[in-house]
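Computed from a predicted model, the values in this text were never measured in an experiment. When a residue number appears, it is its place in the shown sequence, counting from 1.
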Amino acid sequence: AAPGRVNLIGDHTDYTGGFVLPMALSQDYSTVIYGTGFLKTGKGTGDTTIRVRFCSDASNQENPDMVEERRISGFYPPPHEDEKRTWADYVVGTIVQYKDDLPKQGCQLELCFAISTSVPLNAGLSSSASLEMAVALFTECFLHDLAYSSVSKADKDIPTERALRGQKAENEWAHSPCGIMDQMVISKATEGNLLLIDCRDFTTTNVPMKTGTGDKMPVVVIANSGVTHSIADGEYGKRRAECYDAVQAMQEVPLYHVLSLRDATLQDVKDTEEKMTSTIFNRAKHVVTENQRTKEAKICFRVGTWDRLGELMAASHASLKDDFQVSCEEVDFMVDLAQKYEGVYGSRMTGGGFGGCTVSLVQKQAVDGFVEHLKLEYKEKYQKDIQTFVSEPGVGARVLAIDMDCKGESDFYKDQKKPKD
């Protein structure tokens with residue numbers, strides 16, 4: 001199983017090597033895979049083959065029992081970017097990442113599974129990365145000790161490697177130019193902690209959310225606008241290109257220390273303004289200031305300075321709306337309602353944008369009233385119901401159960417059964 005995720009702050013910074021501060025959602029919002037499979041290794045001379053059969057409760061509303069089937073052997077390239085994308089591309093693309101772990105000849109891997117998800121689709125909560133990480137972990141269960149055998153690093157970090165494979169699957173098979181944040185937090189999150197990710201070197205830091213017993217202690221409330229998006233539809237890729245253009249402009253100044261927007265200061269951006277269009281300038285300004293906000297937010301979560309954290313969330317949303325232009329009317333309306341409600345520390349859009357969800361930090365005693373207010377006002381304005389839910393920082397991708405009668409006691413399974421620290 002693998003959860004969805006919500007990003008508390010740090011959006012559109014991951015693909016520029018910056019900082020993000022997401023958390024995994026609680027177990028109520030996860031993708032679960034149940035199935036079986038086997039790995040046969042022998043002395044045959046034929047190409048190694050992976051045969052996959054799978055279905056999903058969210059894949060085809062008209063024919064929910066339809067089974068997808070793929071046979072992966074030899075050179076197996078991703079679909080062309082002009083081809084229509086399907087949800088199956090995320091599944092197949094993830095499994096293909098494990099092909100190099102197998103011997104090139106004489107091996108057969110069979111996987112048969114069903115997928116069920118409670119992560120809202122196209123809502124900015126990383127349903128795709130949740131699917132990828134669940135498929136990845138399921139596949140590893142049948143590869144035994146061959147999983148990641150093609151990775152040459154002596155000190156390989158398996159959760160990080162898993163995240164990188166999921167990202168590659170989404171980039172190449174779904175033609176979605178996402179950064180590493182979603183897969184990384186879903187692969188590595190631990191119970192009760194947010195995860196600060198340095199998207200340049202992939203180092204991570206667990207950030208506990210200060211706890212307490214008072215009614216003014218905050219909880220995380222997520223609200224789904226119902227406006228769907230797909231980050232592969234063009235605007236996301238356009239933003240990435242604009243960030244690249246900003247770096248090129250800085251290097252022409254020359255500001256040679258700026259290899260990505262992660263390296264730039266706000267003064268660097270201002271010094272380059274004349275060499276940029278107003279759009280490129282605003283994109284760069286957002287990324288640089290969002291990195292600063294994210295690093296400060298880490299401290300706020302640790303020590304419990306909730307009012308300051310709310311200010312950072314508000315500034316983040318304003319920047320995403322005005323400088324990066326990835327919000328929408330419905331999401332802005334929800335954020336505005338939240339920021340004006342008594343007992344809400346802060347609120348912002350979350351995820352890639354162009355619809356999806358808001359995330360709000362709300363005092364415990366105000367949650368019920370806030371949720372009711374948000375639903376009533378949104379219904380009155382847009383004649384649509386919204387989904388809201390409360391989540392604590394959850395655990396990342398995990399094996400729920402393994403039928404050990406069907407599996408040898410390999411080191412892989414022994415590791416899976418070890419108690420977590």
Side-chain angles (χ1 to χ4, degrees), residues 2-7 10-18 20 22 24-25 30-31 33 52 54 56 58-59 68 70 72 76-100 115 117 119-140 148 159-189 195 197 199 202 228-241 243 326 350-356 396-397:
R5 72 95 186 95
V6 64
N7 192 24
D11 275 312
H12 290 277
T13 54
D14 57 345
Y15 52 78
T16 57
V20 293
L25 297 178
S30 295
T31 299
I33 293 181
V52 189
F54 56 96
S56 170
S59 63
E68 300 278 351
R70 301 288 190 278
I72 302 166
Y76 199 83
H80 190 272
E81 60 182 9
D82 292 334
E83 293 182 43
K84 182 179 179 181
R85 293 176 294 272
T86 73
W87 70 278
D89 292 328
Y90 296 90
V91 176
V92 177
T94 300
I95 294 172
V96 166
Q97 306 307 313
Y98 291 85
K99 186 170 175 288
D100 288 343
I115 304 166
T117 186
V119 182
L121 305 180
N122 298 314
L125 299 178
S126 295
S127 58
S128 60
S130 173
L131 173 61
E132 292 152 8
M133 292 299 94
V135 170
L137 197 53
F138 179 82
T139 303
E140 291 167 25
Y148 301 101
T160 296
E161 296 296 333
R162 183 183 301 129
L164 289 168
R165 290 185 176 190
Q167 182 197 20
K168 186 177 180 182
E170 187 151 344
N171 290 166
E172 296 182 356
W173 283 77
H175 300 293
S176 174
C178 67
I180 192 61
M181 173 180 68
D182 300 347
Q183 291 85 0
M184 187 72 82
V185 66
I186 292 172
S187 182
K188 299 193 74 169
L195 192 70
I197 306 171
C199 297
F202 306 134
T228 60
H229 75 227
S230 171
I231 65 172
D233 281 346
E235 288 298 323
Y236 190 94
K238 186 185 296 184
R239 296 304 184 280
R240 287 193 70 148
C243 290
V326 290
T350 186
F354 314 107

Can you tell me if [X] uses its side chain to pair, donor with acceptor, with the backbone of [Y] under 3.5 Å?
X    : Y    : answer
N171 : C178 : yes
H175 : D82  : no
R162 : A136 : no
R5   : G124 : yes
Q97  : G93  : yes

Taking atom [atom1] of [X] and atom [atom2] of [Y], what is their separation to the nearest 0.5 Å?
X    : Y    : atom1 : atom2 : value
K168 : E132 : NZ    : CD    : 13.5 Å
E172 : E81  : CD    : CD    : 12.0 Å
L125 : T350 : CG    : OG1   : 7.0 Å
E68  : W87  : CD    : CH2   : 5.5 Å

Salt bridge between E161 and R165, side-chain N to carboxylate O under 4.0 Å? no
List the atom of [X], the atom of [Y], and the distance in Å for their closest heavy-atom pair.
X    : Y    : answer
I180 : A163 : CD1-O, 3.7 Å
M181 : I197 : O-CD1, 3.9 Å
A397 : L137 : C-CD2, 3.8 Å
K84  : D89  : O-OD2, 4.2 Å
S187 : M133 : CB-SD, 3.9 Å
V92  : I72  : CG1-CD1, 4.1 Å

Any [X] side-chain heavy atom under 4.5 Å of [Y] side chain:
X    : Y    : answer
V91  : W173 : no
T13  : C199 : no
L164 : Q183 : no
L121 : T228 : no
I186 : P3   : yes

Are there over 12 heavy-atom neighbours, none belonging to K99, within less than 6.0 Å of that residue's NZ?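 Counting other residues, nucleotides and ligands, NZ of K99 exceeds 12 neighbours.
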Side chain to side chain contact (heavy atoms under 4.5 Å, CB included) with T31: which residues, sequence neighbours excluded?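 Partners of T31 under the side chain to side chain contact (heavy atoms under 4.5 Å, CB included) test: I115, T117, V119, S130, L131, A134.
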Residues forming a ring-ring contact (aromatic ring centres under 6.0 Å, His included) with Y15, sequence neighbours excluded: H12, Y236
For F138, give me all partners under ring-ring contact (aromatic ring centres under 6.0 Å, His included), at least two apart in sequence or on another chain.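 If we apply the ring-ring contact (aromatic ring centres under 6.0 Å, His included) test to F138, skipping adjacent residues, the hits are F113, F142.
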